[in-house]
2 protein chains.
Amino acid sequence: MSGPTRSPARNPTLADVAAAAGVSLSTASLAFSGNKPVSEETRERVLAAAGALGYAGPNPLARNLRRGRSGVVGVAVGRLSTAFRDPAALPMLDAVSEVLDAAGLGLLLMPEGDEHAGLPLDAVIYDICGSETWGAYDDLVARGVPLVVVEGPAWAGATYVDVEHRRGAAEVARHLHDLGHRRVATLTLEASHPQREREAGLRDVYPDAELVGPCASDLVAAQRMVGAWWDGGGEASAVVCQSDVQAAGVVLEARRRGLDVPGDLSVAGFDGVATPWLDLELTTVVQPLAEKGRATARAALSRIAGEPVDDVLLPVRMRVGGSTGPASHAT
Amino acid sequence: MSGPTRSPARNPTLADVAAAAGVSLSTASLAFSGNKPVSEETRERVLAAAGALGYAGPNPLARNLRRGRSGVVGVAVGRLSTAFRDPAALPMLDAVSEVLDAAGLGLLLMPEGDEHAGLPLDAVIYDICGSETWGAYDDLVARGVPLVVVEGPAWAGATYVDVEHRRGAAEVARHLHDLGHRRVATLTLEASHPQREREAGLRDVYPDAELVGPCASDLVAAQRMVGAWWDGGGEASAVVCQSDVQAAGVVLEARRRGLDVPGDLSVAGFDGVATPWLDLELTTVVQPLAEKGRATARAALSRIAGEPVDDVLLPVRMRVGGSTGPASHAT
DNA sequence: CGTTTCGATCGAATCGATTCGATGCTATCG
DNA sequence: CGATAGCATCGAATCGATTCGATCGAAACG
C-alpha cells in the first residue's frame, strides 16, 4: 500500500472515482453525463467505484460554472407574508413553479429589500405590482440577466406579461351601468400599473367615479377603509374593488352596517379567486391566473435559451355573481 | 493597435479588468472583495477599468465553486398552492426568509415531486408535515447536505424543530373537560407526526374521543367532512380541530345547520392564526410561528457553518376564545 | 491486403474566480 | 545604520467538473 494521496476527510471527486475505476477523468465524466457513448463495462466500473467511494455524483457547483448556468430562476415578490396572503398570487406562482420544475430549474424567492446580489440567477421574474423601483434592477441589467416583468413598470430590456386590466374593469363598469348604477365609488390599490389601467377602464364608463381610497388587498384593511368612507358621508350604489379580497371586505362591512348586498349595494371585485367563507359569489373579473404563471415561466425559459420572446397580454372574462344587482331607487 | 485577444462578444472577466487596469488578477480580486487591503489608488483604477469594460462584478458561479457554497437553502414544501393556502405556513416561511436573507442566503422553493437533484443547496429545510417519505432524502444524505426537519418524520442525521403538539392538544382537551364536555369529536389531519402527537394529547383527556375523519386544513373540506359526519348521525358537544381553518369550517357548517357556537357546540382549533372573516375568536393553541421559522433558519445556518446544533422544541399557549363554552345539558 | 470509418478512451484546455506563500518596498525600532 | 515589521502586490495553485481534439484498435470497405 502506498500512502494515500487524498486526505480521507475530503469528499471524493470525480477524479478520485476515475482513478479508482482505472479510467480517465473525461471518461468518468462521460459515464455520469452520458453525453457521449461509453462502453457498458466501463460505465459499470465507474459507477461501482463511485459507490465504493461514496461519491454522490458530479458536484453541481462545478457543473454550473462550466455550463455558465445556475439552474435557478429568481422570483421577486414583495414581503412573503404579504405576497402570498393574496389568494390570487398562489395559482400564479404555482404555475410558474410547475413550468420551471419541468424544465429542471429551481425557483428562488426574492423578498423585497434584499438585493440578492451575488446569487447566480439564470433569469428573474418580477412580480411586485406595488413597487415600481427596484434596487437590483441595474445590477441585473449589467449582468445581462433576463428579466420578465409581470403587470409591472416598463423597464428597458424586460419581457412583459400583462393582463387586460382596462378591458376587464370597463366591462364590469358597463355591467353596473346597465344595472342602472349612476353613483359608483372605487377602492383602489397602491399606485401601480394594474391600478392605473383598471382605473382607466372604470373611468371609460364612469368618468366621475368617486374614490374611496387606496388600500392593500386585505380583508380587514378594505373593511376599515370603506367603513371610514361611509362614516365620512360617502355614498354610492356600487363599489368597485380591485381584488376579490377587498370586495369581500366591503361586503362584510356593508352587512355589518345593515346594508344588503346586492339589494342596497352592489360590490364588484377583481381576480376571480375562491372566497369559500363568503356565502355569495362575487361579481368579478376572472384572470387566467395559472396561464399567467405559465406564460411568465415560459417567457423566462425562452429568454434563458436566448430565443426572441414576445410580450404577452392575457385576456380576462367578467363573471357576474350575486354581489351585483339593479340599482335601488333609494340610493 | 494589436489585434484584440478577446472576442468582444464575450462578457468581460476579472482577468480582463485586471489587464485593463494594469494589475494582477489577484489584486483585482482583492479590490472587489476587500479580503485584503489594497491601496486606494489601485482600487479606483480597478473599479474604473471595470466600469469601462462593463464588468458587473465577480461571477457568482465561479465564486461559489471556489467557496464550495451556493448561498442557497432549499425549502421543501408540498405543492405550493396547498402549502401556502394554510395561513399558518406564511408567518413561518416569512421568518425563515428573513433570517436567511440577513445571512445573505437565498431561499429556493422545492415543490413536492421534483427531486431537484443537480441543484447546489447549502442546506435543506423539510417542512411538509403531510408526507413522511421523500425521494430526495438519500441523495441529500449522500451529498452531506445538512437537513432541518420541521415537525417531521425522524430521519437520521437531521436536525429537528418541533412544537409541543401534545401538550397543547391536552390543554385544550382539559379546557373542554372543565367546561363539562363529555362527548367530544375530533377532525384530524392526514397521518403525520403532528397529528399523532396532538391526538395523543387529546386522548390523554378523552380516551374515547370520536373521530370525524381525516381532512386537509381547508375550509371547504372541513365543512364537508363535518357535515357528512353529522348527516351520518354523529353527535358531540365539542369538536376539536387540528387547525384554525378547519375549525372555521366547522363553525360555518354548524351555523348553516342552525347550531349556535358556542351555545350548542364548542369548537377548538390549532395554530392561532387570524381569521378576520369570522366574527368570532377561536379557542385555539397558539404556536409561535415566527419563532418556529427563525429557529429553523438558525438551525440551518448553524449546520452550514458546521457547528453542533441542538434540536428545538417550541412551547405553545392555549388561547381561550369565543368558540368554546359550557356544555349544554341538551347534548 | 491496404485503407477508411467508427466507437471508445484519453490528455489538456477551460469555466472565472479566491487565496496561499513569496517578494519588494517603505517605515519603525534599538 | 542595520534589523524587523508591515503593507501592497504578484504568481501559481486550486475549486471540480465538461468538452474539444487527438489517438488507438477493430471492423467494414473496395
Side-chain angles (χ1 to χ4, degrees), chain A residues 5-7 9-46 49-50 53-71 117-120 122 142-144, chain B residues 5-7 9-46 49-50 53-71 117-120 122 142-144:
Chain A
T5 317
R6 295 301 201 175
S7 137
R10 222 178 38 72
N11 275 339
T13 75
L14 190 53
D16 300 327
V17 173
V23 300
S24 77
L25 179 54
S26 36
T27 301
S29 173
L30 264 18
F32 275 98
S33 70
N35 288 353
K36 270 189 167 188
V38 166
S39 79
E40 187 53 35
E41 187 227 330
T42 306
R43 171 198 266 67
E44 276 168 18
R45 235 185 26 253
V46 171
L53 269 66
Y55 179 77
N59 181 323
L61 291 167
R63 190 219 312 275
N64 285 350
L65 170 59
R66 194 70 240 271
R67 286 191 322 189
R69 296 258 169 85
S70 67
L119 285 185
D122 290 347
R143 296 204 119 82
Chain B
T5 317
R6 293 302 199 176
S7 137
R10 220 176 39 73
N11 276 340
T13 75
L14 189 53
D16 300 326
V17 173
V23 299
S24 78
L25 180 54
S26 36
T27 301
S29 173
L30 262 18
F32 276 99
S33 70
N35 289 353
K36 271 188 168 188
V38 166
S39 79
E40 188 53 36
E41 187 229 329
T42 306
R43 168 198 268 72
E44 275 168 17
R45 237 189 19 257
V46 171
L53 270 65
Y55 179 75
N59 181 324
L61 291 167
R63 188 218 313 273
N64 285 349
L65 170 59
R66 194 69 241 270
R67 289 190 321 189
R69 295 260 169 85
S70 67
L119 285 186
D122 289 348
R143 296 203 118 84

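Because the structure is a prediction, the values reported are computed rather than measured. Reminder, nothing fancy here: chain letters follow the sequence lines and each chain counts from 1.
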Considering only side-chain heavy atoms of B:T42, which listed nucleotide, D:dT9, C:dT9, D:dG16, is closest?
D:dT9

Evaluation steps, side chain to side chain contact (heavy atoms under 4.5 Å, CB included), between A:R67 and A:N64
CA-CA 5 Å; A:R67 286 191 322 189; A:N64 285 350; 3.2 Å; yes

Specify the residue among B:F32 and A:S26 whose closest nucleotide of DNA chain C lies further upstream toward the 5′ end.
A:S26

Which nucleotide in the set C:dC15, D:dG11, D:dT14 lies at the smallest distance from any side-chain heavy atom of A:L65?
C:dC15

Side chain of B:K36, heavy atoms from C-beta onward: which of C:dA22, C:dG11, D:dA13 has the nearest atom to it?
C:dA22

Is the phosphate of D:dT18, meaning OP1 or OP2, less than 4.0 Å from a side-chain N or O of A:R63?
yes

Touch class at under 4.0 angstrom, heavy-atom based, for B:N64 against every strand present:
nothing

Quick one: B:N35 CG to D:dT9 P, roughly how many Å, whole number?
15 Å

Between C1' on C:dC15 and CG on B:D16, what's the gap in Å once rounded to a whole number?
13 Å

d(A:N59 CG, A:R66 CZ) to nearest 0.5 Å is 14.5 Å

From CZ of B:R66 over to P of D:dA12, roughly how many Å is that when rounded to an integer?
16 Å

In whole angstroms, how far is the C1' atom of C:dC15 from the CZ atom of A:R67?
12 Å

Checking C:dC10, C:dT19, D:dA17 against the side chain of B:L30 (C-beta onward), the nearest is C:dT19

From CD of B:E44 across to P of D:dA8 the rounded distance in Å is 14 Å

Of D:dT9, C:dC15, C:dA17, the nucleotide closest to the side chain of B:N59 is C:dA17

Rounding to an integer number of Å, can you tell me how far A:L14 CG sits from D:dG16 P?
11 Å

Between A:R69 and A:D122 (side chain of the first, backbone of the second, donor and acceptor by atom type, cut-off under 3.5 Å), is there such a pair?
no

Walking DNA chain D from its 5' end, the first of B:V23 and A:S29 to be reached, judged by nearest nucleotide, is B:V23

Can you tell me the distance, in whole Å, between the CG atom of B:L25 and the C1' atom of C:dT18?
9 Å

Side chain of B:S39 (C-beta onward), nearest among C:dC15, D:dT9, D:dT18
D:dT9

Look up atom OH in A:Y55 and atom CZ in B:R143, then write down how far apart they are to the nearest 0.5 Å.
7.5 Å

Side-chain N or O of A:Y55 closer than 4.0 Å to phosphate OP1/OP2 of D:dA17:
yes

Nearest whole Å is fine: how far is D:dT19 C1' from A:R69 CZ?
16 Å

Nucleotide nearest B:S24 when distance is taken to its side chain, options D:dG16, D:dT18, D:dG11
D:dG11

Do A:S26 and A:S29 have side-chain N/O donor and acceptor atoms under 3.5 Å apart?
no

